[in-house]
Structure formats: C-alpha cells, structure tokens
Amino acid sequence: MPSPALPRHRSALPGLLLVAPALAMVLVFFVLPLAASVTGAFATEEGRSLANFAKIADLYLPDNLFTLLVIGLSTLLIALFSLAIAGYLTLGRNPRAVALLRWLYRWPLFIPFIVTAQVLRTFLAKNGMLNSGLELVGLVDPATASNWLDGRAIVFAFVWKQTPFVTLLVAGAMASLDRGTIEAALNMGASRLRTLWDIVTPQVAGTLMTGLILSIVTMMSVLSVPMMLNATAPTTITADIAFRINAYGDYGVANALGVVSLLMTSGFAILYLRLGLKERT
C-alpha cells in the first residue's frame, strides 16, 4: 500500500523546482558573499583576530557616528515629510492641490542617486543656485556665503530621493482605511492635523516602518551621494569602504566596515520587528 505522504511529495516537487533557481541565486549572490565578508573581517596577516575592528575604532569612529547621525536624521525627516504628503493626499480639501501634489511628488523616484548628487552639486555649491537665489533677495553676502556640500547635502539628497518611495507606501495604506472613523473625527471638531496624527497615523504605522527600514537599507548602501556631495571629513561608511579598497587594497578593514554597517542596519531591523511583535500582542 503506497504511503499517503508520497503524493504530497510529488505534488510539492514542481513548486520546489520553480523556487530552486531563485534560492540558488540568493545563495550564490547573497549568502555566500555575506559569509565571505564576515569571515574576511577577522582575517589578518597574523591569523584570525579583532585587529581590523580595532583599526576601525581608531581611524573611523567619527565616520561611524557621522553615518548614524546622517541616516537617523534623514529617516526622521523622511517619516515627517511622507506623513505630511500622504496625509494631505488623504485629508486635503482642495482637489486641484491634491491632484498636483499626487502628480508632482513621485518625480524623484525615477532619478538615480548619481544624477541626484550631480544636480545637488550645482544647487548647493558655494556659487550654486541656492546661494545665488539667497543673494538676490539679500539674505546672503557672496563674500561670506557658505558651502553646503557637507553632511547637510547628504541629508538633503537622501530625504529628497526616499520621501516619495515611503509616501507611495503610506498613501496607499491611508487610502485603504475606513473613511468612517476619519469623517467621524472631523465631524466631532478635530482638526485635520490632529486627525492625521491621532487617527490615521497609528493605523499606518506598520507600513510607515516598513518603508523606513527599506529606506535605511538603501541609504546605508549608497556610495555616489557621499562621494560627490561631502567634500569634508567625516564621511559615511560606504566612502570609507571604497577608500580602503581603492587606495590600500585592504579588504580586511573594508569587510570589517561592512560588518559594522550590517550591524547598524540590523539594529533598525530588530527595532522594527520588536514593534511589530508588540502590535500583535
């Protein structure tokens, strides 16, 4: 008598064959390089040790803190702007303004980071369009105009580029909410701002956190923006990794910096998972 489990295995075989190429791609192009990078972070000429991480602490501690500051500030601003834009798309009363904003806010999605960095170099340079515009209205003296190409430019680029992505997710989540609770709050006299913060935002918090985590991963991996916009030290971890490889061929320290960036990203991911578990319980 055939085993009852045999038909189940046979029925699962086509599905496993369909998934196998994707699993192989993930294994070959992600898992194995990740494992090699982590193990390479401990490799030195004297053998396995923490020397690479000690060198990071000695040379790149300001850059690590600068990276956390830039990513943290960018994430906070992205959250605020995406909630504001999505909130107006959901609660706005001017149809023309809502339609214009809905059409306009998505543009940065289709512009690569390297193009964004080049545009901002023209806009934020000492003699760029920003200072020229401020000079025309008498707010800036050309002789004392500051160069914006530093950490502020990196934050500007990240916020401008990632806000539309998070807004797209949050606006979709807001559009799927029950309008009854929103209309009830407005009819009870609540302002649109309070309705957005107290009624709408808690219901889309999970979607907002998902978009922010994806943005953090993206910002942590961008090289072109800090390389092109930050003319001074400190800089971000990605620029340090490129420098260690291109200037010294030092893959040990570069891998160690990669592990540090992975731990930073994992910290944000763990926070997201803990918040998700709290919501379920």
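Values below: every heavy atom of this structure, side chains too, minus hydrogens, waters and symmetry copies.
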Kindly compute the distance separating [atom1] ([X]) from [atom2] ([Y]), expressed to the nearest 0.5 Å.
X: M129; Y: E135; atom1: CE; atom2: CD; result: 13.5 Å
X: M209; Y: L169; atom1: CE; atom2: CG; result: 13.0 Å
X: R106; Y: L104; atom1: CZ; atom2: CG; result: 11.0 Å
X: I78; Y: I216; atom1: CD1; atom2: CD1; result: 8.0 Å
X: L212; Y: S82; atom1: CG; atom2: OG; result: 6.0 Å
X: T90; Y: I85; atom1: OG1; atom2: CD1; result: 11.5 Å

Taking [Y]'s backbone N and O only, do any of them form a donor-acceptor pair with [X]'s side chain (distance below 3.5 Å, no angle check)?
X: S74; Y: V70; answer: yes
X: D150; Y: N230; answer: no
X: Q118; Y: I114; answer: no
X: R121; Y: L229; answer: no
X: T201; Y: L196; answer: yes
X: T163; Y: W160; answer: no
X: N246; Y: A242; answer: yes
X: K161; Y: T116; answer: no
X: T238; Y: V222; answer: yes
X: N52; Y: A43; answer: yes

* Any idea how F243 and Y248 line up, ring-wise: parallel (<30°), tilted (30 to 60°), or perpendicular (>60°)? ->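 Geometry flag for Y248 against F243: perpendicular rings.
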* Parallel, tilted or perpendicular: which fits the ring planes of F53 and F42, with parallel below 30° and perpendicular above 60°? ->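 Tilted, since the angle between the ring planes falls between 30° and 60°.
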Is the shortest heavy-atom distance from the side chain of [X] to the side chain of [Y] under 4.5 Å?
X: L177; Y: T181; result: no
X: T195; Y: I182; result: yes
X: I71; Y: M264; result: no
X: I154; Y: F66; result: yes
X: F165; Y: T218; result: no

So which atom in [X] and which in [Y] form the shortest heavy-atom distance, rounded to 0.1 Å?
X: A51; Y: T44; answer: CB-CG2, 3.9 Å
X: V204; Y: A173; answer: CG1-CB, 3.7 Å
X: S261; Y: G258; answer: OG-O, 2.6 Å
X: L124; Y: A153; answer: CD1-CB, 3.6 Å
X: A254; Y: I241; answer: O-CG1, 3.9 Å
X: A157; Y: L120; answer: CB-CD1, 3.4 Å

* Asked: With sequence neighbours left out, what residues match T67 under side-chain hydrogen bond (donor to acceptor under 3.5 Å, both in side chains)?
  ->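 If we apply the side-chain hydrogen bond (donor to acceptor under 3.5 Å, both in side chains) test to T67, skipping adjacent residues, there are no hits.
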* List in chain and number order the residues that pass side-chain hydrogen bond (donor to acceptor under 3.5 Å, both in side chains) with T210, two or more places apart in sequence or in another chain; answer none if no residue qualifies. =>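 With neighbours one apart ignored, the set is Y272.
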Any link between [X] and [Y] through a network of hydrophobic side chains (Ile, Leu, Val, Met, Phe, Trp, Tyr) touching at under 4.5 Å?
X: L101; Y: L193; result: no
X: V170; Y: V217; result: no
X: L83; Y: L214; result: yes
X: F29; Y: L34; result: no
X: L61; Y: V259; result: no

* Do you see a donor-acceptor pair shorter than 3.5 Å between the side chains of R244 and Y60? ->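 The answer is yes; a qualifying pair exists.
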* Do the numbers put R152 on top of the ring of W148, so that NZ or CZ is under 6.0 Å from the six-membered ring centre and no more than 45° off the axis? ->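 Ring-cation test returns yes.
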* Asked: Should the heavy atoms of other residues, nucleotides or ligands under 6.0 Å from CE of M220 be counted, would the total exceed 12?
  ->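 Yes, the 6.0 Å shell around CE holds more than 12 heavy atoms from other groups.
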* Asked: Within a reach of under 6.0 Å around CZ of F81, are more than 12 heavy atoms found that belong to other residues, nucleotides or ligands?
  ->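 No, not enclosed.
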* **Worked check of side-chain contact (heavy atoms from CB on, under 4.5 Å) between I56 and N64** => CA-CA 9 Å; I56 289 176; N64 293 334; 3.5 Å; yes
* To do: Carefully, step by step, assess R102 and Y88 under the rule side-chain contact (heavy atoms from CB on, under 4.5 Å).
  => CA-CA 10 Å; R102 192 185 305 276; Y88 190 80; over 6 Å; no
* To do: Output, in order, the C-alpha distance, side-chain angles, deciding distance and verdict of side-chain contact (heavy atoms from CB on, under 4.5 Å) for S215 and T75.
  => CA-CA 8 Å; S215 295; T75 303; over 6 Å; no
* Should R192 and R93 be marked as a side-chain contact (heavy atoms from CB on, under 4.5 Å) after you check the CA-CA gap, both sets of side-chain angles, and the distance that decides it? -> CA-CA 10 Å; R192 285 182 292 172; R93 297 176 180 176; 3.7 Å; yes
